[in-house]
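As structure tokens, the structure follows; a few thoughts come after it.
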Amino acid sequence: MDFPKNFDFNTIEQKWRDFWEERKLYESKPNPSKPKYSVVIPPPNVTGILHLGHVLNNTIQDILARRARMQGHEVLWLPGTDHAGIATQTMVEKDLRAKEGKTRRDVGRDVFLRRIWDWKEKHGGIIINQLKRLGCSCDWSRERFTMDADYSHWVSHVFAELFRKGLIYRGKRMVNWCPASLTALSDEEVIAEKQKSKLYTMRYEVVERPGTWLEISTTRPETLMGDTGVAVHPDDDRYRELVGLHVWRPFPRVAIPIVADAAVEKDFGTGCLKVTPAHDKVDFEIGMRHGLEIIDVLNPDGTLNAHAGPEFEGMERFKARRKAAEKLAEMELLVKEEDYENNVFFSERARVPVEPRLSMQWFLRYPSVPEATRAVADGSIAFRPDRWAKTYAHWMENIQDWCISRQLWWGHRIPVWYRKDLADDLRGRGSLDAADLAAGEIHVGTEPPADADLWVQDEDVLDTWFSSWLWPFATMTAVGERSATLQKFHPTTDLVTGPDIIFFWVARMIMAAFEFEGTVPFRNVYFTSIIRDKQGRKMSKTLGNSPDPLDLMAKYGADGVRFGLLRIAPSGQDVKFDEKQIEEGRNFANKLWNACRFRLMQGDRSGSVPPPAGRGIYQIDILAKLDTLTADVEKAYGDYQFNAVAQRLYEFFWSEYCDWFLESVKADLQSGDPVRVQPVVATMDEVLSRFLRLLHPYMPHITEELWETLGYGEPGVFLMHTPLPEQVALHGVDPQLVATARERVAAVFATVTRARHLKAEYQLGANRNTRFHLQPVAEHASWIGGELPVLRQLCGAAEILLGTPCDGPAPRALSDLGELAMPLEGLIDLAAEAARLTKELAKTEDELKKVAAKLGNETFVSRANPEIVQEMRDREKAFTERGEELQKMIASLRQG
RNA sequence: GCGCGAUUAGCUCAGGGGUAGAGCACCUGAUUCACACUCAGGGGGUCGCAGGUUCGAAACCUGCAUCGCGCACCA
């Protein structure tokens, strides 16, 4: 036989990957005769490379898609990538700087964009190929990219529509500014992190009352040059009489007013707040209320500008902070400097603190908010786990306008054109909205104005999420069209994504679908685990704690990685990653491989076999366990419990099938008697052919290979399209017969465990010549005789004497079938043996005490469920008998 | 500050009102036997703490502690 001992995943996985794809088996048609199953991929960044989060997320989608396909659904799993504005632009800019020493402004917008497209053409497919390596069964012919022409058309269309509806406007607002990427960010792209910083307390002298000082605390002394006022609470008696006077800002030395504003907390610090309207949202609002001047002291890149004075101009902001504190100290204006912990807001992508910055940006008032909120609340869209619905509801109820413009070049350019002759005025105008459209001063639409020469387009691009929120339908149809694909597959069935993008993406998609398609975009949202390293830290490139899934697949196979990861990924809970677990996945694949190898060694199926009811108890037992497995798996899928599915598959196959069933039928197989061999082989085929189908969604490659090798399928039909039989394996078999078989098998197996334990105690674990005496209990005495060959096989015993007492001292144990003894002819260590049995007796007595205590409690007997009371009585009886037996055994040991 | 989650064996996690579980790790033994990516056996836990409900709580309730996450935020 040329069937190798180990599963060669590299060759076999590639073989099936290529095969499935060449045969176009993943492609979907809007076939009206089959029920649909659809899911759109959360588009990874086109610049991205696969990480474990992608592996988990996409394996789950693949499992769902493959399972649906096997169940006869028409499956659309639509793949694609997004253009990842900031990340991609930053990467190409770095490349440009490294290779040519130039910035994007040196080469200009057109050349720069061409470079990005070139880069995308060359490298943009990496992650898609990695997904293919993983075995993802996406319809690759439908791959979409958020910058595709059709897709871009959708983005402009949606912008124009929302603008016309008055939901998009332009305005000068305080936004989150990223000094590294030089763009505005939305509130969602900013993360608060606790930082150990300093709280500086300084003093400003009151202009009108020299010698009177106001003490003011701040964490950001570097912005004091932009201070245009000091605020106190209107009810604060300490400062009431100073309101309306001025203080000296120390540098540049200017008199600034003291104002009263309720936004100030009396009890924080000194109760005085320095007001820097250009650099803080609250300060900005206070400034507006009191007509304070706005002085921006920072450049876009976070260095200080001329307003900060010559000493500070050009200085980096954190260096300036230290310098400002030093300067205050020199001027004897620094009262104290304390350690302090506060929240600092970081740019999620660039990992630098953002600056609140006043700038002209485009904003969206979210559409279809009530519909989107209701859809999740009433279950039209089911979140799993459903606790995320609360998080979603909270965000929806406190929803803020979305800053959608980005000061980047890579992305969908804002489809707004200004009349050239009015451009300067329009650019500076405080607000711009649908009203200006009517005036003919601007043009908003999917196409430039006809007389394009007279117009100039807005420079900014849209947030990448402003394109991906359209993903479910914009990938399926063009604007103004209702394609067959859309009609068949939208809304999609499931969305699989991480809870970290619930606001970024999930919530926005729901609103977009309601607004533009009048429906939900998906029925179910499954939130995956977040994968952490062994220490519980998030995986990140900087920490270097993220293993490369490609390396893992090279080491353990795609199937091994998929299974290993899924088995440990609880729903919606973080998971700590350990490569050991992937190794287990590979080991499982190998176990399956070898079990099938073992099947092949039994030769071809031939001859007639009795129906299941006519087969041996081990065969009925394993088929019953297979049916239980099938039901359990079904239920776990219904609850989206992917780890439970994997766990049950693993447990059934490794323990129930290989460790117990196969071992218990080896005597039959080795007998060479066709009457004994053939039913067993038929049972093996029944189990394997069903099991391969159950496992296929998790381990598609190896199962397809084994399916073919074992010849279970009809010619030309692949496992990936083969449903489970409609009937269970034990269909029509008398339940009483099954129950009896299961009880007997359980008793045999439990007895085997006792016997093996006895052997191991005497270092005879591997000895195949042991002899046992078994004194059967009455209820089992009638049938044990027929099972002696199996008992011998499983115990590794040369002989089991039934009903023949074993005289004299010998290691003994109580088993489900009766007392077991293992005569050792003088080798027995009486003291050790007595100690062992005494320990067991103590355990039994402990249990007996617990049970007796319960039964002695009158309220228990009167109030507990009668079944429980009966169970306790049974247990009391069993433990009592067991205790008596053990005492006898100990006594006989002492006699000997 | 508000909300969500976690706390069970050395580690990673299941479970869930009635005998405390799995895998890994560890210890012992096994290699002509489908598989050493294997097999057999073993040790190991007052289920975070304190109250309460109950005949009975690891599980349900209430507090608390610790850790993680999200939202908000006082400079």
Note to self: Does anything in residues 848-860 of chain A come within less than 4.0 Å of RNA chain B? Heavy atoms only, and list the residues if so.
What the structure shows: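 Correct list: K850(A), K854(A), N857(A), T859(A), F860(A).
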Below 4.0 angstrom from OP1 or OP2 of [N], is there any side-chain N or O of [X]?
X       : N       : value
K591(A) : rC39(B) : yes
N398(A) : rC71(B) : no
R597(A) : rA34(B) : no
W654(A) : rA22(B) : no
Y340(A) : rA75(B) : yes

Notebook entry, point to check: Between the side chains of E189(A) and S186(A), is a donor N or O closer than 3.5 angstrom to an acceptor N or O?
Noted result: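 Distance-only check passes for E189(A) and S186(A).
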Taking NZ, NE, NH1 and NH2 as the nitrogens, is one of them in [X] or [Y] under 4.0 Å from a carboxylate oxygen of the other?
X       : Y       : result
D578(A) : K580(A) : no
R882(A) : E840(A) : yes
K274(A) : D227(A) : yes
D846(A) : K850(A) : no
K877(A) : E881(A) : yes
R220(A) : E355(A) : yes
D685(A) : R599(A) : yes

For the aromatic rings, using the six-membered ring if either is Trp, is the centroid distance between [X] and [Y] under 6.0 Å?
X       : Y       : value
F527(A) : W388(A) : yes
W654(A) : F563(A) : no
Y657(A) : F691(A) : no

Candidates [options] - which lies nearest the side chain of [X]:
X       : options                   : result
E663(A) : rG41(B), rA34(B), rC74(B) : rA34(B)
E847(A) : rU19(B), rA75(B), rC35(B) : rU19(B)
K580(A) : rU19(B), rC35(B), rA25(B) : rA25(B)
E584(A) : rA34(B), rA75(B), rG23(B) : rG23(B)
R567(A) : rC39(B), rC37(B), rG23(B) : rG23(B)
A864(A) : rC55(B), rA34(B), rU19(B) : rC55(B)
K5(A)   : rC35(B), rC55(B), rU38(B) : rC35(B)
R863(A) : rA75(B), rC35(B), rC55(B) : rC55(B)

Check: Does NZ or CZ of K666(A) lie under 6.0 Å from the centre of the six-membered ring of F598(A), at an angle within 45° of the ring axis?
Finding: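 Cation-pi check for K666(A) and F598(A): passes.
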Can you tell me how far [atom2] of [N] sits from [atom1] of [X], to the nearest Å?
X       : N       : atom1 : atom2 : value
Q581(A) : rC37(B) : CD    : C1'   : 16 Å
M174(A) : rA75(B) : CE    : P     : 16 Å
K759(A) : rG42(B) : NZ    : P     : 14 Å
Q670(A) : rA34(B) : CD    : C1'   : 11 Å

Across the strands shown, which category fits [X] at heavy-atom distances under 4.0 angstrom: base, sugar-phosphate, nothing?
X       : result
Q647(A) : sugar-phosphate
E265(A) : base
D659(A) : sugar-phosphate

Between the protein and nucleotides 1-4 of chain B, which nitrogen or oxygen pairs come in under 3.5 angstrom?
unit_1, atom_1, unit_2, atom_2, d
rG3(B), O3', K390(A), NZ, 3.4
rC4(B), OP1, K390(A), NZ, 2.9

Checklist line | rA59(B) and rU46(B), which share atom name C1', separated by this distance in whole Å | finding: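 Their C1' atoms lie roughly 16 Å apart.
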Item checked: Base-pairing string, 5' to 3', of RNA chain B - Watson-Crick or wobble, under 3.5 Å, | interstrand -> (((((((..((((....[..)))).(((((.......))))).....(((((..]....))))))))))))....
Notebook entry, point to check: Which heavy atom of M174(A) sits nearest a heavy atom of P277(A), and at what distance?
Noted result: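 Heavy atoms of M174(A) and P277(A) come nearest at CE-O, 3.1 Å.
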